[in-house]
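Notes follow the structure.
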There are 2 protein chains.
Amino acid sequence: MDQKEVSGISFQIDFSQPLYEQILNQIRSAIVRGEIGLGEKIPSVRELARGLHINPNTVMRAYQELERDGLTEKRRGQGTFVTSSSKRVEAFRMEVAKEQIHTFIEQMKNLGLTWENVRAYIDQLLDDDKGGENP
Amino acid sequence: MDQKEVSGISFQIDFSQPLYEQILNQIRSAIVRGEIGLGEKIPSVRELARGLHINPNTVMRAYQELERDGLTEKRRGQGTFVTSSSKRVEAFRMEVAKEQIHTFIEQMKNLGLTWENVRAYIDQLLDDDKGGENP
DNA sequence: TAAGTGTATTATATCACTTAATACACCTAA
DNA sequence: TTAGGTGTATTAAGTGATATAATACACTTA
């Protein structure tokens with residue numbers, strides 16, 4: 001719905017989830033995918049709040065969770081920075097991946113679908129994509 | 001956490017999600033997997049509420065959603081029954097499956113993982129299971 | 001008729017989320 | 001030193017989703 005850019009990081013905010021979770025997920029994703037480099041600074045709490053027209057407390061909540069994940073470090077008076085440890089980022093990436101994969105497998109099990117069915121479906125789906133239907 | 005059985009349907013309730021969603025999902029799953037047969041009766045609103053020690057209104061909310069899904073039909077004065085149309089159940093199954101698969105693909109994309117990685121991981125995961133570690 | 005169905009209504013309580021207004025300690029640049 | 005930027009903590013308030021409670025009604029079946 002709402003597409004905005006703050007300090008080179010793009011955010012899209014809607015009303016389907018809590019704001020702090022959307023911010024959290026999108027910064028996580030940007031770090032994990034390398035769109036924000038190791039050791040790089042991320043927007044200050046107030047700056048991001050201003051940029052997204054939301055309350056600083058809401059941004060704070062997302063930032064505290066980021067630090068619990070080990071993805072960021074704060075420096076007093078300076079700001080918040082992505083960790084310099086590629087190991088930590090990688091560890092987090094794998095942790096979340098495992099969790100999401102297991103949840104997905106459980107979902108497919110609940111629908112009575114076999115992994116063979118699902119795999120075939122996705123294989124075909126991605127082959128079609130390569131076919132060039134979407135620019 | 002809490003494991004209970006009501007009219008041959010087993011429910012496990014915790015506090016991680018709204019009650020009505022858990023009831024909804026677990027009855028959906030039971031229908032889709034054939035654990036409740038086509039045309040079969042499901043517990044009455046009051047009976048399920050009594051069995052799970054929750055409010056009838058909460059069960060109602062789940063039951064209304066089930067009917068919107070096309071998975072159940074109500075008969076005045078008699079109760080709520082699973083649809084007799086296997087087509088409807090199948091349509092619902094595929095609709096939900098597609099939705100969950102696309103969400104999953106999006107998640108993996110956000111983590112910067114390729115489908116090849118994910119597929120290999122799950123393949124190995126399920127092979128290990130067959131190996132007989134879990135009874 | 002009595003008891004069981006689904007359904008609707010109104011009221012209340014709780015909790016998560018969000019905003020708002022401050023305040024404090026720290027760092028940095030002018 | 002000062003001014004303005006950092007993260008952080010606190011207190012208060014409002015909103016909406018969730019859940020409970022107590023009733024009531026129309027319908028069906030035994």
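Computed from heavy atoms alone, side chains included, the values below leave out hydrogens, waters and symmetry copies. Within every chain, numbering begins at 1; the chains are lettered A, B, ... in the order of the sequence lines, protein sequences first and strands thereafter.
- Where A/Q64 and A/G79 meet DNA chain D, the nucleotide closest to each residue was compared, and A/G79 sits on the side nearer the 5' end.
- Phosphate proximity of D/dT18 to B/Y20: present, with a side-chain N or O under 4.0 Å from OP1 or OP2.
- Mapping B/G77 and A/I54 onto DNA chain C by nearest heavy atom places B/G77 at the nucleotide closer to the 5' end.
- The CE-C1' distance, from B/M60 to D/dA22, rounds to 16 Å in whole Å.
- Between B/F15 atom CZ and D/dA19 atom P the separation is 10 Å, expressed in whole Å.
- The terminal axes of the helix from C/dT1-D/dA30 to C/dA30-D/dT1, fitted over 5 pairs per end, subtend an angle of 10° to the nearest 10°.
- Counting to the nearest Å, the P atom of D/dT18 and the CD atom of B/Q22 are 12 Å from each other.
- Minimum atom distance to the side chain of B/R76 is reached by D/dC27, of the listed D/dC27, D/dA19, D/dC25.
- Between A/S44 and D/dG5 there is no side-chain polar atom (N or O) within less than 4.0 angstrom of OP1 or OP2.
- Listed for the A/Q100 side chain is no donor-acceptor partner under 3.5 Å among the backbone atoms of B/M108.
- The CG atom of B/L66 sits 5.5 Å away from the CD1 atom of B/I31 when rounded to the nearest 0.5 Å.
- Residues A/W115 and A/I105 are not in side-chain contact: their nearest non-hydrogen atoms beyond the backbone lie 4.5 Å or more apart.
- With a heavy-atom cut-off of 4.0 Å to chain A, the contacted part of DNA chain C has its first and last nucleotide at C/dC17 to C/dT28.
- For a distance-only test at 3.5 Å, the side chain of A/R46 fails to qualify as a donor-acceptor partner of the base of D/dG5.
- The structure places CD of B/Q3 at 11.5 Å from CG of B/D14, a figure rounded to the nearest 0.5 Å.
- Note that CZ of A/F104 and OG1 of B/T103 are 9.5 Å apart. Values are rounded to the nearest 0.5 Å.
- Taking only side-chain nitrogens and oxygens, B/T58 comes nearer than 4.0 Å to OP1 or OP2 of D/dT20.
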Sequence neighbours excluded and cut-off under 3.5 Å, please list the side-chain donor-acceptor pairs for residues 70-81 of chain A, or say none.
unit_1 : atom_1 : unit_2 : atom_2 : d
A/T72  : OG1    : A/E67  : N      : 3.4

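- Separating the CD atom of B/Q17 from the P atom of D/dA17 is a distance of 17 Å, rounded to the nearest angstrom.
- Considering CG of B/N25 and CD of B/E65, their distance stands at 9.5 Å, rounded to 0.5 Å.
- In this structure, A/R50 places its CZ atom 14 Å from P of D/dG4, rounding to the nearest Å.
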Taking only distance into account, with no hydrogens and no angle test, what donor-acceptor pairs under 3.5 Å do side-chain atoms of residues 32-52 of chain A form with protein atoms, sequence neighbours excluded?
unit_1 : atom_1 : unit_2 : atom_2 : d
A/E40  : OE2    : A/G37  : N      : 3.1
A/S44  : OG     : A/E47  : N      : 3.0
A/E47  : OE2    : A/S7   : OG     : 2.7

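- D/dA19 atom C1' lies 15 Å from atom CG of B/L48, rounded to whole Å.
- Residue pairs meeting the ring pair (Phe, Tyr, Trp, His ring centres under 6.0 Å) criterion with at least one member in residues 20-74 of chain B: none, sequence neighbours excluded.
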Without placing hydrogens or testing angles, list every side-chain donor-acceptor pair under 3.5 Å for residues 84-94 of chain B, not counting sequence neighbours.
unit_1 : atom_1 : unit_2 : atom_2 : d
B/S85  : OG     : B/K87  : N      : 3.4
B/S85  : OG     : B/R88  : N      : 3.1
B/E90  : OE1    : B/R93  : NE     : 3.3
B/R93  : NH1    : A/L111 : O      : 2.9
B/R93  : NH1    : A/G112 : O      : 3.2

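- Whole-Å rounding puts the A/N55 CG to D/dT11 C1' distance at 13 Å.
- Regarding B/E65, its CD atom lies at a distance of 15 Å from the C1' atom of D/dT18, rounded to whole Å.
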